[in-house]
Peer 1: 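One structure, pasted below without further comment.
Atoms considered below: every heavy atom in the structure, side chains included; atoms not considered: hydrogens, waters and symmetry mates.
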Amino acid sequence: MRLSKLFGKTQREVPADAETVSHQLLLKAGMIHQVAAGIYSYLPLGLRVIKKIADIIRDEMDKAGGQELMMPVLQPLELWQQTGRDLAFGKGLFTLSDRRERKLCLGPTHEEVITELVRYNVQSYRDLPLLLYQIQTKFRDEPRPRGGLIRMREFTMKDLYSFDTDEDGLNQSYNKMLQAYQNIYTRCGLPTLLVEADSGAIGGKESHEFMVITKGGEDEIIYCDNCRYAANAEKAESAKGKLEPEELLSLEEVATPGAGTIEQVSDFLKIPKSHTLKAVFYIANGKLVFVTIRGDIEVNEVKLKNALGCIDLRLATEAEVIKAGIVAGAASPIGIKGIKIIADDSITSGTNFVAGANKPETHLKNVNCPRDFKADLMTDIAQAHAGEKCPRCGSELLSTRGIEVGHIFKLGTFLSEKLGALFVDDNGVSYPIIMGCYGIGLDRLLAAAIEQNYDEKGIIWPMSIAPYHIYLCPLHQENPEVEAAAENLYADLEAQGLEVLFDDRKESPGVKFNDADLLGIPIRVTISPRTLEKSSAEIKKRSEKEAQLVPLEEVAEKLKKLIRD
RNA sequence: CGGGGUGUAGCGCAGGAGGUAGCGCGCAUGGUUUGGGACCAUGAGGUCGGCGGUUCAAAUCCGCCCACCCCGACCA
């Protein structure tokens, strides 16, 4: 490709609203253009990268036994209502009506459509297992698009769905995908960390995310260096520590003037926060719930939401709490009626806690569960933090940030049951098909690749996904010998099938070198009167400082070798 | 949805005691240049985010709205 003809210019100054490195560089390099918040056009260079990523993904999906198909973006809302996931996605779902007022939505993902398709095509265990995938545009009305390609409202995703007859099969499919994903990231030059994850609106039981570790990442990861435990902070657990058990003492009221928060109560009574019970009120699907947890621990709302099985969850306002007859600042789980009590399992890790008395400025000492109150649900709803102990091995937990570049889920049968995707086994008995789903965001993968590979001059593409392999850069183009040598070399390299970006512009050396660096093309080939004196061209890798002179007739071979390695 | 910020030429910004808009980069033409974003000259390019109000007069003052960015909520 001749740079003089290439659509898309490099910018000297970055648009001010870009803050993330990948966003800035993509704009500066003229690879993307913003159309609206979270909506972008790809220019030719950017699109070439997306295509290369797509090729790698296809190759690995096919090798793992996947079959590619394509499903529509436009979907009947009714299909989503059948599984109830229209509610799970809530406002994240883009909806619209057709001319007959039939409700449609733009697919945020394709489980419903593919399950319906599989129901039609699969009747017998003989048709299974099945791995089907597509690379398709998805639409999600994100509350806050951000970071350029990192969180978009319209994006491209590879989604594969597995269909199996039993758990074993699901596990095999899952492991195949896990391996294929590792291969994809390796081939894209991206080190990733596999972490346990929450499955969110997709649903299902077990899921893992692939994280590219980077400071600006959206997700917090809690991990253990010792035993390799790693989980998204939404899901992470930590050992809460057993407090020394004491003899159960009887309840005792104590005046706590002016003390409403855990901090104030523990200061006032001179006890550690871990000896108090915190009360937090939420509105879950419109209903007030009482959440209690040890005073030194915070509630993890994702876990709470999962425990409650609710779609809407928010903190209750003080007015809502008071209206329910509860004394804010001294709320007590004892004697509560008509309100669901959810307890974190940490409240059984000690004894004789201090909790509210449901009287103004009064607390109760020696509160014990289940002696004094019963929780409707007792489970882990605690937020884990770095510095706490690993739930597996007891070492200290660490924390870092990452970009989620892939997410795989064991879905189970909830979708196939609701949509009637059944198969008959060898005894002629019907069962729902067991499903899994596996997603990779291509745009985000591209952005993550930049976050991982850049310097102050620009992008440094890994060879496998670089838009072009070679940047051919003649200097002093008015010099007929340079012109001829560059044109010859360009024609020769193109004829040999190499991917060359030929900077045939009449620009100064500084401009050309800076653009070459900004665009991040892995190999730069410079031809100038100086190199031609030695009948050579200069070859320099983007990732290295040193250049070398190579005789013109050896250049093609040398480049092929560099690209191969 | 809450908090903060920004909207003036393609990009980055200045202006703002109210009087009809400027700089740098980029772009066009001509010339001189060329191993790390050259220089000179000439030129094109603007509903000052939108609507309404105040005023003889609004980019500037007032009100409402919109868009975009950042933090949070939420979300894959």
Side-chain angles (χ1 to χ4, degrees), chain A residues 8-20 23-24 27-28 30 33-39 85 88-93 107-111 138-148 150-153 155-159 197-204 207-211 216 218-219 232 234-235 301-302 305 311-315 317 402-409 437-441 443-445 456-458 473-479 482 505-518 524 526-532 537-538 540 545 547 549:
Chain A
K9 286 196 176 70
T10 57
Q11 305 295 132
R12 294 210 177 172
E13 298 195 76
V14 203
D17 10 329
E19 210 159 89
T20 315
H23 191 197
Q24 288 182 348
L27 289 170
K28 204 172 174 207
H33 178 81
Q34 181 166 22
V35 176
I39 303 176
R85 293 209 311 164
F89 271 92
K91 288 184 174 169
L93 200 60
T109 175
H110 283 74
E111 282 82 9
K138 313 283 180 182
F139 293 84
R140 296 184 190 179
D141 194 359
E142 290 296 327
R144 182 148 91 87
R146 73 185 99 172
I150 290 177
R151 180 167 294 269
M152 304 201 288
R153 293 192 294 172
F155 60 101
T156 306
M157 180 163 135
K158 185 288 303 176
D159 44 325
D198 178 71
S199 55
I202 301 288
S207 87
H208 286 92
E209 290 166 337
F210 294 82
M211 293 284 189
E218 287 193 302
D219 293 285
N232 191 311
E234 293 177 344
K235 157 98 180 176
E301 294 187 6
V302 173
K305 201 169 167 178
I311 286 164
D312 269 335
L313 183 73
R314 63 172 173 84
L315 278 170
T317 62
I403 300 172
E404 175 194 345
V405 291
H407 199 158
I408 60 181
F409 306 77
C437 76
Y438 315 83
I440 294 183
D443 322 270
R444 193 183 269 188
L445 180 59
E456 65 290 345
K457 287 287 190 184
C473 187
L475 306 180
H476 296 272
Q477 276 214 286
E478 77 291 348
N479 178 323
V482 170
R505 299 172 303 170
K506 311 267 182 283
E507 288 286 356
S508 69
V511 170
K512 292 189 174 192
F513 288 156
N514 277 296
D515 277 345
D517 288 345
L518 173 60
R524 188 182 78 195
T526 308
I527 293 182
S528 71
R530 197 192 284 181
T531 68
L532 287 180
E538 178 196 88
K540 180 186 168 298
K545 265 207 134 57
L549 274 182

Peer 1: Distance from A/Ile440 atom CD1 to A/Phe210 atom CZ, nearest 0.5 Å?
Peer 2: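 Reported to 0.5 Å precision, the distance equals 7.5 Å.
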
Peer 1: What is the distance, to the nearest angstrom, from the CG atom on A/Leu315 to the P atom on B/G72?
Peer 2: 16 Å

Peer 1: Say we look at B/G43 and B/G36: how far apart would their P atoms be, to the nearest angstrom?
Peer 2: 33 Å

Peer 1: In whole angstroms, how far is the C1' atom of B/C74 from the CG atom of A/Leu93?
Peer 2: 15 Å

Peer 1: So which one's nearest nucleotide on RNA chain B is more toward 5', A/Arg444 or A/Pro529?
Peer 2: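 Result of the comparison: A/Pro529.
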
Peer 1: Let me know the distance between CG of A/Asp198 and P of B/A76, rounded to the nearest Å.
Peer 2: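 Distance, rounded to whole Å: 8 Å.
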
Peer 1: A/Lys28 NZ to B/G26 C1': how many Å, rounded?
Peer 2: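 Rounding to the nearest Å, NZ of A/Lys28 and C1' of B/G26 are 14 Å apart.
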
Peer 1: Rounded to the nearest 0.5 Å, what's the gap from CZ on A/Arg12 to CG on A/Asp515? Could you check?
Peer 2: 8.0 Å

Peer 1: Taking 5.5 Å and 30° as the limits, would you call A/Phe89 and the base of B/A76 a stacked pair?
Peer 2: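 Ring-base stacking flag not set for A/Phe89 and B/A76.
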
Peer 1: Of all the choices, B/C68, B/C75, B/G37, which nucleotide is nearest to the side chain of A/Lys305 once you look at every atom?
Peer 2: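 Within the option list, the nearest is B/C75.
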
Peer 1: Between B/A76 atom P and A/Lys158 atom NZ, what is the distance in whole Å?
Peer 2: 17 Å

Peer 1: Check every strand shown and say whether A/Glu478 touches a base, only sugar-phosphate, or nothing at a heavy-atom separation below 4.0 Å.
Peer 2: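 Answer is base: heavy atoms of A/Glu478 come under 4.0 Å of a base.
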
Peer 1: For the pair A/Arg151 and A/Ile403, evaluate side-chain contact (heavy atoms from CB on, under 4.5 Å) and give the outcome as yes or no after the intermediate values.
Peer 2: CA-CA 10 Å; A/Arg151 180 167 294 269; A/Ile403 300 172; over 6 Å; no

Peer 1: Determine the Euclidean distance between corresponding P atoms of B/C48 and B/C75; express it in Å to zero decimal places.
Peer 2: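 To the nearest whole Å, 42 Å.
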
Peer 1: Using a cut-off of less than 4.0 Å, is there contact between a side-chain N or O of A/Gln11 and OP1 or OP2 of B/G37?
Peer 2: no

Peer 1: Quote, to the nearest angstrom, the C1' distance that separates B/U47 from B/G4.
Peer 2: 30 Å

Peer 1: Within this structure, what is the CZ-to-P distance between A/Arg85 and B/C75, rounded to whole angstrom?
Peer 2: 14 Å

Peer 1: Closest-nucleotide mapping onto RNA chain B: is A/Ala16 or A/Ile150 further toward the 5' terminus? I mean the 5' end.
Peer 2: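 Result: A/Ala16.
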
Peer 1: Please classify the nucleic acid contact of A/Arg314 as base, sugar-phosphate, or nothing, using heavy-atom distances under 4.0 Å.
Peer 2: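 No contact at all - A/Arg314 keeps every heavy atom at 4.0 Å or more from the nucleic acid.
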
Peer 1: Assess the residue pair A/Leu475 and A/Val482 against the criterion (side-chain contact (heavy atoms from CB on, under 4.5 Å)); give the C-alpha distance rounded to whole Å, side-chain angles, the decisive distance to 0.1 Å, and a yes or no.
Peer 2: CA-CA 7 Å; A/Leu475 306 180; A/Val482 170; 5.9 Å; no

Peer 1: Looking at the side chain of A/Pro143, which of B/G35, B/A76, B/C74 is the nearest nucleotide?
Peer 2: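 For the A/Pro143 side chain, the nearest candidate turns out to be B/C74.
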
Peer 1: If I pick the P atom on B/G12 and the same atom on B/C69, what distance separates them, to the nearest angstrom?
Peer 2: 13 Å

Peer 1: Can a donor-acceptor pair under 3.5 Å be found between the side-chain atoms of A/Glu538 and the base atoms of B/G35?
Peer 2: yes

Peer 1: The side chain of A/His476 is closest to which nucleotide in this list: B/C68, B/G37, B/U34?
Peer 2: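 In terms of side-chain proximity for A/His476, the closest of B/C68, B/G37, B/U34 is B/U34.
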
Peer 1: For B/C11 and A/Arg12 - does any side-chain N or O of the residue sit under 4.0 Å from the phosphate oxygens OP1/OP2?
Peer 2: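 For A/Arg12, the contact criterion (side-chain N or O under 4.0 Å from OP1 or OP2 of B/C11) is not met.
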
Peer 1: Between the main-chain N or O of A/Ala37 and the side-chain N or O of A/Arg153, is there a donor-acceptor pair closer than 3.5 Å?
Peer 2: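 Indeed, once roles are kept as given, a pair shorter than 3.5 Å links the two residues.
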
Peer 1: What integer number of Å spans the C1' atoms of B/C11 and B/G46?
Peer 2: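 The answer is 15 Å between these two C1' atoms.
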
Peer 1: Taking the minimum atom-to-atom distance to the side chain of A/Ala36, which one of B/G37, B/C68, B/C75 wins?
Peer 2: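 Among B/G37, B/C68, B/C75, the one nearest the side chain of A/Ala36 is B/C68.
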
Peer 1: Would you indicate which nucleotide in B/G35, B/G37, B/A76 comes nearest to any side-chain atom of A/His407?
Peer 2: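 Selected nucleotide: B/A76.
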
Peer 1: Quick one: does A/Glu13 reach the base of B/G24 with a side-chain donor-acceptor pair under 3.5 Å?
Peer 2: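 Per atom types, the contact qualifies.
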
Peer 1: Rounded to whole angstrom, note down the C1' distance from B/A57 over to B/A17.
Peer 2: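 To the nearest whole Å, 16 Å.
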
Peer 1: Among B/G37, B/C74, B/G35, which nucleotide has an atom closest to any side-chain atom of A/Arg146?
Peer 2: B/C74

Peer 1: Figure out the NE2/C1' separation between A/His110 and B/A76, and round it to whole Å.
Peer 2: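 Distance check: A/His110 NE2 to B/A76 C1' gives 15 Å.
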
Peer 1: If I pick the P atom on B/G16 and the same atom on B/G49, what distance separates them, to the nearest angstrom?
Peer 2: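 It works out to 16 Å between them.
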
Peer 1: Among the nucleotides B/C74, B/G36, B/G35, which one has an atom lying closest to any side-chain atom of A/Leu475?
Peer 2: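 Nearest nucleotide to the side chain: B/G35.
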
Peer 1: For nucleotides B/G31 and B/G35, find the distance between their C1' atoms and express it as a whole number of Å.
Peer 2: 23 Å

Peer 1: What heavy-atom pair brings A/Met211 and A/Asp219 nearest, and what distance separates the two atoms?
Peer 2: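 Closest heavy-atom pair between A/Met211 and A/Asp219: CE-CB, 3.6 Å.
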
Peer 1: What is the nucleic acid contact for A/Gly30, judged by heavy atoms within less than 4.0 Å: base, sugar-phosphate only, or nothing?
Peer 2: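 If one applies the 4.0 Å heavy-atom cut-off, A/Gly30 turns out to touch nothing in the nucleic acid.
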
Peer 1: If I compare all heavy atoms of A/Asp198 with all of A/Lys235, which pair ends up nearest, and what's the gap?
Peer 2: N-CB, 3.9 Å

Peer 1: Quick check for you: to the nearest 0.5 Å, what is the distance between A/Glu478 atom CD and A/Lys506 atom NZ?
Peer 2: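 That separation rounds to 9.0 Å.
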
Peer 1: For A/Thr531, answer base if it contacts any base atom (sugar-phosphate contacts may also be present), sugar-phosphate if it contacts only those atoms, and nothing otherwise; contact means non-hydrogen atoms under 4.0 Å.
Peer 2: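 Base contact - A/Thr531 has a heavy atom under 4.0 Å of at least one base atom.
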
Peer 1: Using only heavy-atom distances, decide whether a donor-acceptor pair under 3.5 angstrom links the side-chain of A/Ser528 to the base of B/G35.
Peer 2: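 Under the 3.5 Å cut-off, the side chain and the base do form a donor-acceptor pair.
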
Peer 1: Taking all heavy atoms of A/Ala516 and all of A/Arg524, pick out the closest pair and write down the distance.
Peer 2: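 Shortest heavy-atom separation between A/Ala516 and A/Arg524 comes out as CB-CD, 4.0 Å.
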
Peer 1: Per the atom types in the model, does the base of B/G4 pair as donor or acceptor with the side chain of A/Arg144 at under 3.5 Å?
Peer 2: no

Peer 1: Side chain of A/Asp17: nearest nucleotide among B/C70, B/A38, B/C69?
Peer 2: B/C69

Peer 1: Is there a donor and acceptor pair, one atom on the side chain of A/Glu142 and one on the base of B/A76, closer than 3.5 Å?
Peer 2: yes

Peer 1: Quick one: which of A/His407, A/Glu209, A/Glu404 gives a side-chain hydrogen bond (donor to acceptor under 3.5 Å, both in side chains) with A/Asn232?
Peer 2: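 So, applying the side-chain hydrogen bond (donor to acceptor under 3.5 Å, both in side chains) to A/Asn232 and each of A/His407, A/Glu209, A/Glu404, only A/Glu209 qualifies.
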
Peer 1: Quick one: label A/Asp141 by what it contacts on the DNA or RNA (base, sugar-phosphate, nothing), any heavy atom closer than 4.0 Å.
Peer 2: nothing

Peer 1: To the nearest 0.5 Å, how far apart are CG in A/Leu27 and CD in A/Gln11?
Peer 2: 8.5 Å

Peer 1: Find the distance A/Asp515:CG to B/G26:C1' and express it as a whole number of Å.
Peer 2: 13 Å

Peer 1: For A/Lys91, answer base if it contacts any base atom (sugar-phosphate contacts may also be present), sugar-phosphate if it contacts only those atoms, and nothing otherwise; contact means non-hydrogen atoms under 4.0 Å.
Peer 2: nothing

Peer 1: Starting at the 5' end of RNA chain B, write a dot or bracket for each base, bracketing those in Watson-Crick or G-U wobble pairs whose two distances are under 3.5 Å and using | for partners on another strand.
Peer 2: (((((((..((((.....[..)))).((((((.....)))))).....(((((..]....))))))))))))....

